[in-house]
J.: 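My structure is below; once you've seen it, I'll send some questions.
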Amino acid sequence: MATPPYSLSLHDSQTRQKQVFTPLDPANVRVYYCGPTVYDAVHIGNLRAMLSADILVRLLRAVFPRVTFVRNITDVDDKITTRARENGEGIEALTARTTEAFHEDVAALGILPPDIEPRATHHIDDMLAMIAQLIANGHAYEAEGHVLFAVDRCASYGSLSGRTPDDLLAGARVEIAPYKRHPGDFVLWKPSTPEQPGWDSPYGRGRPGWHIECSAMSRRYLGESFDIHGGGDDLLFPHHENERAQSLCCNPGSSFARYWLHNAMLLSNGEKMSKSLGNFFTIREVLTRAPAEALRLLMLGTHYRSVLDFTWDKLDESKRTLDRFYRALEKTPAESAGTVTPAFMQALCDDMNTPLAISCLHPLADAALAGDAEAAASLKACANMIGLLGLSPDEWFRAGSDDEAIDALIIQRAEAKKTRNFALADSIRAQLAEQGIILEDTAQGTTWRRA
């Protein structure tokens with residue numbers, strides 16, 4: 001744990017204010033985040049919630065002795081069924097392929113895996129058990145093969161988001177199913193056609209609604225009451241509102257999540273990401289243009305509750321900043337385990353203020369560039385805590401380079417200089433410079449690094 005002890009404050013979406021975080025059990029902080037619906041490649045907008053969760057869990061682990069982090073996989077959803085049909089592949093094959101790709105993408109970004117990663121399809125019995133409880137205590141009802149949650153039976157419905165069921169309908173034409181008692185009642189269980197995934201239940205063959213999945217999985221692994229629930233602010237209503245309502249009604253006397261964290265959306269070149277606008281990028285597309293740590297630094301450079309605007313120029317700027325940090329470690333290697341500075345920890349403990357924390361790295365880099373070994377060690381320790389500077393300087397500056405091709409050009413350049421073909425030697429140097437490769441001629445020979 002970090003020393004001295006730090007007081008952690010987080011902005012709670014439910015109270016709409018920053019509060020000192022006090023866990024239910026300081027010996028085991030319990031956190032749940034909504035994971036991906038695995039039907040397609042993860043885009044950089046999806047990444048923001050995963051990265052916010054990663055910073056939160058890293059911080060909690062620095063302050064408390066144990067953290068149990070659960071992030072689910074939604075592998076039953078109508079989007080999945082539709083995409084599998086469009087691709088002409090089986091649902092299980094699609095979800096297996098996209099789940100593997102998701103794991104590869106988040107690992108590339110240095111996002112630590114959750115302690116528990118439950119899949120919705122493995123917890124149908126848990127969902128049915130909750131549904132049966134809700135029916136028994138009068139908070140849900142059966143109607144034409146469906147089971148629906150009765151929002152008017154939950155007195156606190158809307159208190160998380162500050163919205164009401166009518167808000168969902170305002171300004172839009174919504175077809176209201178005739179079997180609903182109230183327009184805002186939402187589905188807990190729905191019937192499946194033969195070609196749709198389905199499970200046997202007391203209500204007929206069917207599949208769960210989206211909201212009940214997270215309630216059942218969080219209860220299974222974290223209990224009826226736990227510390228933090230998080231996700232993107234696009235989930236605040238109706239998903240998180242509905243999760244909260246059904247969980248509280250199913251488990252009277254519980255608190256469900258005591259703190260709610262929501263990250264703001266990501267824009268691309270000032271606009272919402274859209275394939276039609278040409279500003280929609282998957283993580284893999286971005287990582288063909290820059291190292292993963294550059295994308296990570298770009299995202300951490302904006303506070304998680306502020307809208308983040310992704311641009312290629314900002315990505316390039318983040319790469320240059322990391323070049324400078326790695327250059328500092330190259331000049332003055334961190335030869336011992338460094339300490340995380342109080343200023344850095346205090347910034348993170350103030351509602352995960354990553355921009356302020358990153359600003360603390362620059363004076364450490366200045367000192368390391370001037371030969372201060374202690375500053376270099378602290379630079380690495382601080383950066384490592386937020387998933388940065390995880391490579392050696394040599395690995396960083398050679399990242400993405402075809403070493404054999406570069407070495408071959410260096411040999412060719414050396415031969416050209418021997419034969420006094422300086423025009424060719426200069427041309428090779430310029431060719432490599434265009435690729436961001438800087439040559440350094442020494443008495444021992446020519447070495448190279450990335451600019």
Side-chain angles (χ1 to χ4, degrees), residues 1-4 6 51 54-55 58-59 61-63 108-112 290-301 314-349 352-401 403 406-407 410 429 432-433 435-451:
M1 295 190 297
T3 56
Y6 291 91
L51 186 53
D54 187 59
I55 295 299
R58 287 170 181 265
L59 176 58
R61 286 177 175 156
V63 177
L109 268 295
I111 293 174
L112 302 176
E293 281 194 14
L295 177 57
R296 188 178 177 101
L297 178 61
L298 184 159
M299 291 199 156
L300 296 181
K314 289 181 180 178
L315 187 64
D316 291 341
E317 181 182 349
S318 295
K319 167 67 167 58
R320 290 191 293 271
T321 297
L322 285 165
D323 285 345
R324 183 172 178 275
F325 290 164
Y326 273 108
R327 187 71 63 218
L329 294 179
E330 182 180 56
K331 181 174 178 58
T332 308
E335 297 178 350
S336 61
T339 57
V340 175
T341 66
F344 183 88
M345 271 299 294
Q346 286 163 4
L348 288 182
C349 285
M352 299 194 294
N353 192 336
T354 52
L356 182 58
I358 290 167
S359 73
C360 297
L361 302 181
H362 291 280
L364 293 174
D366 291 340
L369 285 165
D372 187 334
E374 185 176 340
S378 285
L379 171 63
K380 188 170 180 64
C382 291
N384 284 175
M385 187 174 167
I386 55 174
L388 298 173
L389 301 187
L391 304 174
S392 69
D394 186 61
E395 289 171 328
W396 172 259
F397 289 114
R398 288 175 177 262
S401 304
D403 290 12
I406 293 170
D407 290 342
I410 290 174
R429 177 187 283 275
L432 290 171
Q435 301 173 32
I437 305 301
I438 302 300
L439 301 184
E440 295 177 345
D441 293 320
T442 69
Q444 289 73 39
T446 300
T447 61
W448 65 269
R449 61 179 173 82
R450 273 207 170 271

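Just so we're clear, the structure is a prediction, and the values are computed from it rather than from any experiment. The basis for the numbers below is simple: all heavy atoms, side chains too, and nothing from hydrogens, waters or symmetry mates. Throughout, residue positions are numbered sequentially from 1 according to the sequence presented.
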J.: Of the non-hydrogen atoms in Leu112 and Asp54, which two are nearest, and what is the gap between them?
T.: N-OD1, 2.9 Å
J.: Between atom NZ of Lys314 and atom CG of Leu295, what is the distance when rounded to the nearest 0.5 Å?
T.: 13.0 Å
J.: CG/Asn353 to OG/Ser359 distance, rounded to the nearest 0.5 angstrom?
T.: 8.0 Å
J.: Can you name the nearest heavy-atom pair linking Ala357 to Ala347, along with the distance?
T.: N-CB, 3.6 Å
J.: For the residue pair Phe397 and Tyr326, does the interplanar ring angle fall in the parallel (under 30°), tilted (30 to 60°) or perpendicular (over 60°) class?
T.: perpendicular
J.: CG of Leu379 to CD of Glu374: how many Å apart, nearest 0.5 Å?
T.: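 Rounded to the nearest 0.5 Å, the CG-CD separation comes out at 12.5 Å.
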J.: Kindly give the heavy-atom pair with the smallest separation between Ala377 and Ala334, and that separation in Å.
T.: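 It is CA-CB, 3.7 Å.
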J.: Answer yes or no: is there a donor N or O on one side and an acceptor on the other, between the side chain of Ser378 and the main chain of Ala375, under 3.5 Å?
T.: no
J.: With sequence neighbours left out, which residue pairs that include part of residues 328-343 fulfil the side chain to side chain donor-acceptor pair (under 3.5 Å) condition?
T.: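 Non-adjacent pairs meeting side chain to side chain donor-acceptor pair (under 3.5 Å): Arg327-Glu330.
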J.: What I'd like to find out is whether the side chain of Leu364 reaches to under 4.5 Å of the side chain of Phe325, using heavy atoms alone.
T.: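 In short, these two side chains do not touch, never coming nearer than 4.5 Å.
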J.: Taking the basic N atoms (NZ, or NE/NH1/NH2) and the acidic carboxylate oxygens, is any pair closer than 4.0 Å for Asp316 and Arg320?
T.: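 Salt bridge flag = no for Arg320 with Asp316.
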J.: Partners of Asn384 by side-chain contact (heavy atoms from CB on, under 4.5 Å), sequence neighbours excluded?
T.: Lys380, Leu389
J.: Can any side-chain N or O of Tyr6 pair as donor or acceptor with the backbone N or O of Ala62 at less than 3.5 Å?
T.: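 Flag not set: sc Tyr6 to bb Ala62 has no pair under 3.5 Å.
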J.: Check Leu391 against Glu293 and note the closest heavy-atom contact, atom names and distance.
T.: N-OE2, 4.1 Å
J.: Please report the closest heavy-atom contact between Met385 and Leu59, naming both atoms and the distance.
T.: CE-CD1, 3.9 Å
J.: Please report the C-alpha distance between Thr321 and His362 in whole Å, then the side-chain angles of each, then the deciding distance to 0.1 Å, and finally whether the side-chain contact (heavy atoms from CB on, under 4.5 Å) criterion is met.
T.: CA-CA 9 Å; Thr321 297; His362 291 280; 3.9 Å; yes
J.: Calculate, to the nearest 0.5 Å, the distance between atoms OG1 and CG belonging to Thr354 and Leu297 respectively.
T.: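 Reported value, rounded in 0.5 Å steps: 9.5 Å.
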J.: Are side-chain heavy atoms of Leu432 and Trp448 found at a separation under 4.5 Å?
T.: no
J.: Given side chains that start at C-beta, do those of Met345 and Val63 come closer than 4.5 Å, heavy atoms only?
T.: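 Contact flag for Met345/Val63 side chains = yes.
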J.: Would you name the heavy atoms of Leu298 and Leu315 that are closest together and state the gap between them?
T.: CD1-N, 3.3 Å
J.: In Å, rounded to the nearest 0.5 Å, how long is the span from OG of Ser318 to CG of Asp323?
T.: 11.0 Å
J.: Compare all side-chain heavy atoms of Leu348 with those of Ile386 and state whether any distance is below 4.5 angstrom.
T.: yes
J.: Does Leu109 offer a backbone N or O that forms a donor-acceptor pair with the side chain of Arg296 under 3.5 Å?
T.: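 Answer holds: yes.
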J.: With rounding to the nearest 0.5 Å, note down the distance linking SG in Cys382 to CZ in Phe344.
T.: 5.0 Å
